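Written out below as structure tokens is the structure these notes cover.
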Amino acid sequence: QVQLVESGGGLVQPGGSLRLSCTASGSGFRFYALDWYRQAPGKQRELVARISSGGSTNYADSVKGRFTISRDNAKKTVYLQMNSLKPEDTAVYYCKMNNYWWGQGTQVTVSS
């Protein structure tokens, strides 16, 4: 049984930083691509960042230069470092593994 558990969300002021973590259970983590998605109230869930099994990364245009996705296969964990946060980054952030398994989400609120 695969489970993904996110952590690291919270309330931060504009311009601040947060680091989200998503830890997986089960085997095969190092073979899978990993994604971070987000969903703001009243909006569709959107892909924020992706990291392949080999470490290649892709980002949504809205977060390029501000967010960094990384992974630690030994810890079965994927990270999302978020810098220069803006109010429009407010959303529930979800991790996804192998284009199939989802985490439960963690709330990020950017507000003064």
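Small disclaimer: the values here were computed from a predicted structure and weren't measured.
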Mark yes or no for whether [X], through its side chain, and [Y], through its backbone, hold a donor-acceptor pair below 3.5 Å.
X     : Y      : value
Lys76 : Gly26  : yes
Arg50 : Ile69  : no
Glu6  : Gly105 : yes
Ser84 : Arg66  : no

Practice problem: Fit a plane to each ring of Trp102 and Tyr94, take the angle between them on a 0 to 90° scale, and name the class: parallel (under 30°), tilted (30 to 60°) or perpendicular (over 60°). | Solution: perpendicular
First locate atom [atom1] of [X], then atom [atom2] of [Y], and finally report the distance between them rounded to the nearest 0.5 Å.
X      : Y     : atom1 : atom2 : result
Tyr79  : Ser7  : OH    : OG    : 9.0 Å
Thr106 : Leu18 : OG1   : CG    : 8.5 Å
Cys22  : Lys96 : SG    : NZ    : 12.5 Å
Leu47  : Arg45 : CG    : CZ    : 11.5 Å
Asp89  : Ser62 : CG    : OG    : 7.0 Å
Met82  : Arg19 : CE    : CZ    : 11.5 Å

Shared ILVMFWY cluster between [X] and [Y], side chains joined below 4.5 angstrom?
X     : Y      : result
Val5  : Tyr100 : no
Tyr32 : Tyr37  : no
Tyr59 : Ile51  : yes

Quiz item: In this structure, are over 12 heavy atoms from other groups packed under 6.0 Å from Gln44 atom CD?
Solution: no
What is the minimum heavy-atom distance between [X] and [Y], and which atoms define it?
X      : Y     : value
Gln107 : Ala91 : NE2-O, 3.4 Å
Ser17  : Asn83 : OG-OD1, 2.9 Å
Met97  : Ala24 : SD-CB, 4.1 Å
Cys95  : Leu4  : SG-CB, 3.8 Å
Ser112 : Pro14 : N-CD, 3.7 Å

Quiz item: If we only count heavy atoms from C-beta on, is the Gln1 to Ser25 side-chain gap below 4.5 Å?
Solution: no
Exercise. Kindly determine whether Phe67 and Trp36 satisfy ring-ring contact (aromatic ring centres under 6.0 Å, His included), including the steps that lead there.
Key: CA-CA 11 Å; Phe67 290 11; Trp36 283 100; 10.0 Å; no
Self-check item: Intermediate values then yes/no, side-chain contact (heavy atoms from CB on, under 4.5 Å), Phe29 and Leu34
Solution: CA-CA 9 Å; Phe29 179 88; Leu34 298 155; 3.4 Å; yes
Quiz prompt | Salt-bridge present (Lys64, Asp61; N to O < 4.0 Å) | solution =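 Yes, this pair counts.
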Practice problem: Take Leu11 and Ser111 through the test side-chain contact (heavy atoms from CB on, under 4.5 Å) and record every step on the way to the result. | Solution: CA-CA 7 Å; Leu11 173 64; Ser111 176; 4.2 Å; yes
Practice problem: Would you tell me whether Thr90 and Thr109 have side-chain atoms, one donor and one acceptor, within less than 3.5 Å of each other? | Solution: no
